[in-house]
Amino acid sequence: MVAVVNFIAMGNYQARKIEQKWQKVWKASNLYKVDLDMAENGGGKKYYNLVMFPYPSGDKLHVGHWYNFGPADSWGRYKRMQGYNVFEPMGFDSFGLPAENYAIKSGVHPRESTTKNVEYMVKQLSEMGAMYDWDKTVTTSESSYYKWTQWVFLQLYKRGLAYKKKSPVNWCPGCQTVLANEQAQDGTCERCNSEVEHRDLTQWFFKIRDYAEDLLDHSELDWPEKTKAMQKHWIGKSTGIDITYKVEGTDDSISVYTTRPDTNFGATFVVVAPESEFVERNFDKFEDSAAVQVYIDKARKKTDIERIAEGRKKTGQFTGLYAINQLTDKKMPIYVSDFVLAHVGTGCVVGVPGHDIRDFEFAIEKGLEVIRVVVGKDGDETPIVRPEQVQEHEGTMINSQFLDGMDIHEATVKIMDYMEEKGYGKRVTNYKLRDWSISRQRYWGAPIPIVYCEKCGEVPIPEDQLPVELPMDIDFELKGDGKSPLYHSESFRKTKCPSCSGDAEREVDTMDTFLCSSWYYLRYPCSKMTDKPFDKAVVDEWLPVDMYIGGPEHACMHLLYARFVNMALHDMGHVGFKEPFKRLVHQGMVTKDGAKMSKSKGNVVSPDEFVEKYGSDVFRMYLMFMGPFVDGGDWNDKGITGIARFVDRFWTVVNSDEKVEDEALLNKNLNKLIKKISEDIEKMHFNVAVAALMEFVNFVMKNGIDKESKKIMVQLISPIAPHLAEECWEVLGKKFSVIDSGWPEYDKEAVIDSTVKIGIQINGKVRGEIEIGKDASQEDAISAAKALANVAKYLKEGEVVKEIYVPGRIVGFVIK
RNA sequence: GCCCAGGUGGCGGAAUUGGUAGACGCGCUGGAUUCAAAAUCCAGUUCUAGCAAUAGAGUGCGGGUUCGAUUCCCGCCCUGGGCACCA
């Protein structure tokens, strides 16, 4: 093609200046404020576009935030252009350990450092030019917010979903705080990496287990399959049976939980957890109680993780007691061993060494009998002496009296029926999910709204007396006495009972920040309300959240807690919807040199210098262009100039004379572009959407463009580069604002190519190419292919045994 | 160990109801412009051979199905993520 249109570089696009200009205009015109009262607003289609709110850390925003927030905002803009009434709020999850640890180190009060960080991050976020409605923001550490977090606690309390219990908990010596099991996953503190210890403390818990079944139901949710699977694993439902065995020579009995009762004819021993009630109850009856005590003491010093760290070698102490297996009348020795955990199942396990690898290892260690009761696919019936022989989760029963010859699944049902009939078995459902520990021995969190009165005992603060204010007079020096910081604030701790006005002490623990983040999506639309946390009519109109975007690391914690809290509020009638997040998308992680960015590694990349140099549009587009949104990637700034060049070219095209070489081709390419961008954004494939825009600009640089096409081109780039689009829109003399100009539709006829280029294959090898009508007949295609010299050459070499023609795809010849 | 993703040029990545692999961008090479440089523009760029036409190889490795495989099947290797002695 001859380049008839000469595009002369007309000076660079002044990104910074133009972006600041529009940010001011957008703000002044309240462009992104959403009228939440939809009935009054003529009732548009609502769209709640939410991104997980950031923690205001001292690092401020890093490129990972931009990677996350930029496309999320582009998604919201795309929805707005489609005519939705888009609500896109932003806030701060501002309670939490880092601010407190910083206070301990530096003496700077968390309120001060947090406020400073929030202010700076608001500035950074504003420079991004997202559609955030700052009138509807939340900051969880402000009393106007945490007042209602306390309200949420009280609702759960009233509903019977909050309770206290003394239990062994993970204690982090570094943070001087309790961690939920979920937060201490590899034996070290998730936040400070200290080795986790065990300690007994009285804690507040939420009964999330009561909602295990509801949480297991993902049927209403448009979520990644992976996330649903992770939650399912985390909840860990299993169906099995509690079997009760008599203990020889006592009146006591012992209950074990098993999912494999089919193997019970092979049971040869019983193991109980050191912390189990059975041990407590029968301690005096043990043959060598002193030895058992020594073993228990040793085990209790270990964390669950340390029990694992010892590898596969099993230890245990014989109690001297025997349980009787009713099926075989066998005496099964009872051991105490730390590979059994008290809080799982009944805290007692029946040992079937032939068909459970851990039981096998224990049996080998203790010289116990191993019986084979299942024959696997290999037909091996020899005695089990090697660990590899144990792996049998399918097969046929043997040595099991009336079960012999049955498939194990059939046998499982049969034996359960039998045991229930005989009265020593009871079918039960078990969940791995543990109740949610919400007490934190920390200062920087929402106080738990409970007092302990000498007369009345535990008394909840009446709702009209909220908030329980977090006191400012606090000494951040670690006392090392294990007490919560608030314990040392006399002004806080000493109080009067709301019920009898007598002397009382406040609960000095604060609440897990996951509680703050479990309901914030309800607060956003109602952030200014002072008399209630949210208005039911408003949240019922705007929720559930239509699109929720955040990291996959929250799959099992935040996303379960939020669902639980919402479900509980739903059951109490506070909200009319059960699930808070209808659609969920996880962005990928941005790493630096392959490692997760963190202050401790010193590899945090700030967006500021890039925004300063190239502007927000270029920076966000570059992050989108890196690859698929869900993949993430390793950060480097090598290619950013390519995006900057593209923006200049785009700007040049918009400002160029309107002269077109090939109008029909322009029309076709433009319609194809509309189709492509729409489909790509719909799939969140922003990288290929940007590529398509580049391709179109490259084409237009050669072919020229008319005014109407410029207009559409600007609309198409608008979600991706909002400032650029707004400026171009003005240049084109269009009415403010481009975002309310609608999303272009393509002409279905125009995108169809009448001719296509297809390859010619001979025995699967490409030997040429023809351009032919889209719906050309087989005859025409074959003869056109044969006419090619290079094709004819090969066809002469043998006999054509087959001719293949797939319209629009390929012509093929098979020759011999 | 188990489960889930993924492995494509020098680099980020595109393309999968099986049909011309490498769109777009970075980088690199050459050219235009310039006193010179930057910026910009034009051309080229998977590898090997060739002036070229073209030929051979090629989507982690080894097999298989097919006229035809990045795509489907079997067996490995590697990377990332999740779970981790849960009875």
Side-chain angles (χ1 to χ4, degrees), chain A residues 3 6-12 185-186 224-227 229-230 233-234 236 238 240 256-260 271 273 304-305 307-312 314 338-341 343-352 356-359 361-362 391 430-434 552-553 555-556 588-589 591 594 622 625-628 630-634 636-643 645-646 648-649 652 685 687-698 701 757-770 789-790 793 801-806 808-816:
Chain A
N6 289 312
F7 284 90
I8 298 148
M10 12 185 93
N12 293 350
Q185 286 181 44
D186 49 5
E225 287 305 320
K226 195 179 151 187
T227 311
M230 277 169 70
H233 271 118
W234 193 269
S238 66
V256 301
Y257 173 73
T258 179
T259 55
R260 292 294 306 278
V271 185
D304 290 1
I305 308 301
R307 291 181 181 187
I308 297 160
E310 285 183 28
R312 294 206 168 265
K314 300 289 180 289
D338 61 11
F339 82 88
V340 176
L341 305 172
H343 55 78
V344 179
T346 60
C348 307
V349 170
V350 59
V352 185
D356 181 287
I357 190 73
R358 291 152 300 158
D359 295 352
E361 286 155 1
F362 189 81
Q391 319 288 346
N430 230 300
Y431 300 95
K432 281 198 273 181
L433 182 70
R434 298 177 200 168
E553 68 274 17
C556 292
M589 192 168 69
T591 53
Y622 178 58
F625 194 60
M626 262 171 66
V630 298
D631 283 4
D634 201 56
N636 74 69
D637 57 10
K638 270 196 220 151
I640 195 165
T641 52
I643 302 289
R645 271 177 212 151
F646 164 65
D648 272 343
R649 286 151 70 91
T652 303
H685 291 175
N687 55 329
V688 281
V690 173
L693 283 161
M694 289 173 166
E695 218 167 342
F696 184 75
V697 165
N698 290 343
M701 297 284 280
K757 284 182 181 172
I758 63 175
I760 316 299
Q761 289 182 344
I762 292 160
N763 288 352
K765 291 248 178 220
V766 179
R767 299 299 182 188
E769 178 189 87
I770 53 170
N790 201 45
K793 187 177 87 189
V801 294
K802 196 174 175 188
E803 291 175 348
I804 298 150
Y805 173 54
V806 184
R809 299 280 191 190
I810 203 86
V811 171
F813 297 97
V814 184
I815 62 167
K816 264 186 189 167

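Naming: A, B, ... by sequence-line order, numbering from 1 per chain.
Between the C1' atoms of C35(B) and C26(B), the separation comes to 31 Å (whole Å). For the C1' atoms, the distance from U8(B) to U16(B) is 13 Å, rounded to whole Å. The gap from the C1' atom of G12(B) to that of G7(B) amounts to 15 Å, rounded to the nearest Å. Remark: the separation of the P atoms in G10(B) and A49(B) is 15 Å, to the nearest Å. A distance of about 14 Å separates the P atoms of G68(B) and A57(B), rounded to the whole Å. Across U66(B) and G18(B), the matching C1' atoms stand 9 Å from one another, rounded to whole Å. The P atoms of A14(B) and A23(B) are separated by 13 Å, rounded to the nearest whole Å.
Rounded to a whole Å, the CZ atom of Phe646(A) is 15 Å from the P atom of U40(B). Phe339(A) places its CZ atom 13 Å from the P atom of A87(B), with the value rounded to the nearest Å. A55(B) atom C1' lies 14 Å from atom CD1 of Ile762(A), rounded to whole Å. Atom CD1 in Ile804(A) sits about 9 Å away from atom P in G68(B), given to the nearest Å. Atom CG of Leu341(A) is separated from atom C1' of C86(B) by 7 Å (rounded to the nearest Å). One atom, CD of Glu553(A), and another, C1' of C4(B), lie 17 Å apart when rounded to the nearest Å. For the pair Tyr805(A) OH and G19(B) P, the computed distance is 16 Å after rounding to whole Å. The distance from atom CH2 of Trp234(A) to atom P of G82(B) is 11 Å, rounded to the nearest whole Å.
Contacts of Val806(A) classified as side chain to side chain contact (heavy atoms under 4.5 Å, CB included), with partners at least two apart in sequence or in another chain: Ile804(A), Arg809(A), Ile810(A). With sequence neighbours excluded, the residues satisfying side chain to side chain contact (heavy atoms under 4.5 Å, CB included) with Asn636(A) are Tyr622(A), Lys638(A). Every residue two or more places apart in sequence or in another chain that forms a side chain to side chain contact (heavy atoms under 4.5 Å, CB included) with Pro552(A) is listed here: His586(A). Glu769(A) is linked by a salt bridge (Lys or Arg N to Asp or Glu O under 4.0 Å) to nothing, counting only residues two or more places apart in sequence or in another chain. Scanning for side chain to side chain contact (heavy atoms under 4.5 Å, CB included) contacts around Met230(A) gives Ala555(A), Cys556(A), with sequence neighbours left out. In this structure, the side chain to side chain donor-acceptor pair (under 3.5 Å) partners of Asp634(A), at least two apart in sequence or on a different chain, are Thr591(A). With sequence neighbours left out, Asn790(A) forms a side chain to side chain donor-acceptor pair (under 3.5 Å) with Lys793(A). Shown here are the side chain to side chain donor-acceptor pair (under 3.5 Å) partners of Asp631(A), two or more places apart in sequence or in another chain: there are none. Residues that satisfy the side chain to side chain donor-acceptor pair (under 3.5 Å) test with Tyr257(A), not counting sequence neighbours, are Ser238(A).
Scanning RNA chain B for stems, defined as runs of 3 or more consecutive Watson-Crick or G-U wobble pairs whose donor-acceptor distances all fall under 3.5 Å, gives the following ranges: B:1-7 with B:77-83, B:10-12 with B:24-26, B:27-32 with B:40-45, B:46-49 with B:54-57, B:60-64 with B:72-76.
Residue contacts shown for Lys757(A) include a base, since a base heavy atom lies under 4.0 Å away. Residue contacts for Pro628(A): at a heavy-atom cut-off of 4.0 Å it reaches the sugar-phosphate backbone alone, with no base atom in range. Nucleic acid contact class of Asp356(A) (heavy atoms, under 4.0 Å, all strands): none. At a threshold of 4.0 angstrom between heavy atoms, the contacts of Ile815(A) with the nucleic acid are absent.
Going from atom CZ of Arg434(A) over to atom CH2 of Trp234(A) covers 8.5 Å, rounded to the nearest 0.5 Å. Distance check: Lys816(A) NZ to Asn763(A) CG gives 10.5 Å after rounding to the nearest 0.5 Å.
With its glycosidic angle within 90° of 0, G9(B) is assigned syn.
Taking the nucleotide of RNA chain B with the nearest heavy atom to each of Met589(A) and Asp631(A), the more 5' of the two is matched to Asp631(A). The 5' end of RNA chain B is approached more closely, in terms of each residue's nearest nucleotide, by His233(A) than by the other of His233(A) and Phe813(A).
In this structure, Lys765(A) reaches the A57(B) phosphate: one of its side-chain N or O atoms is under 4.0 Å from OP1 or OP2.
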Check: Nucleotide by nucleotide, 5' to 3', does protein get under 4.0 Å of the base (B), only the sugar-phosphate (S), or neither (-) in nucleotides 21-33 of chain B, counting heavy atoms?
Finding: S-BBSSS------

I'd like a list of close polar pairs between nucleotides 46-54 of chain B and the protein, N/O only, cut-off under 3.5 Å.
none

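Across every non-hydrogen atom of Tyr805(A) and Val811(A), the tightest pair is CD1-CG2, 3.7 Å.
Cation-pi contact between Lys314(A) and Phe362(A): absent, since separation from the ring centre below 6.0 Å together with deviation from the ring axis within 45° is not met.
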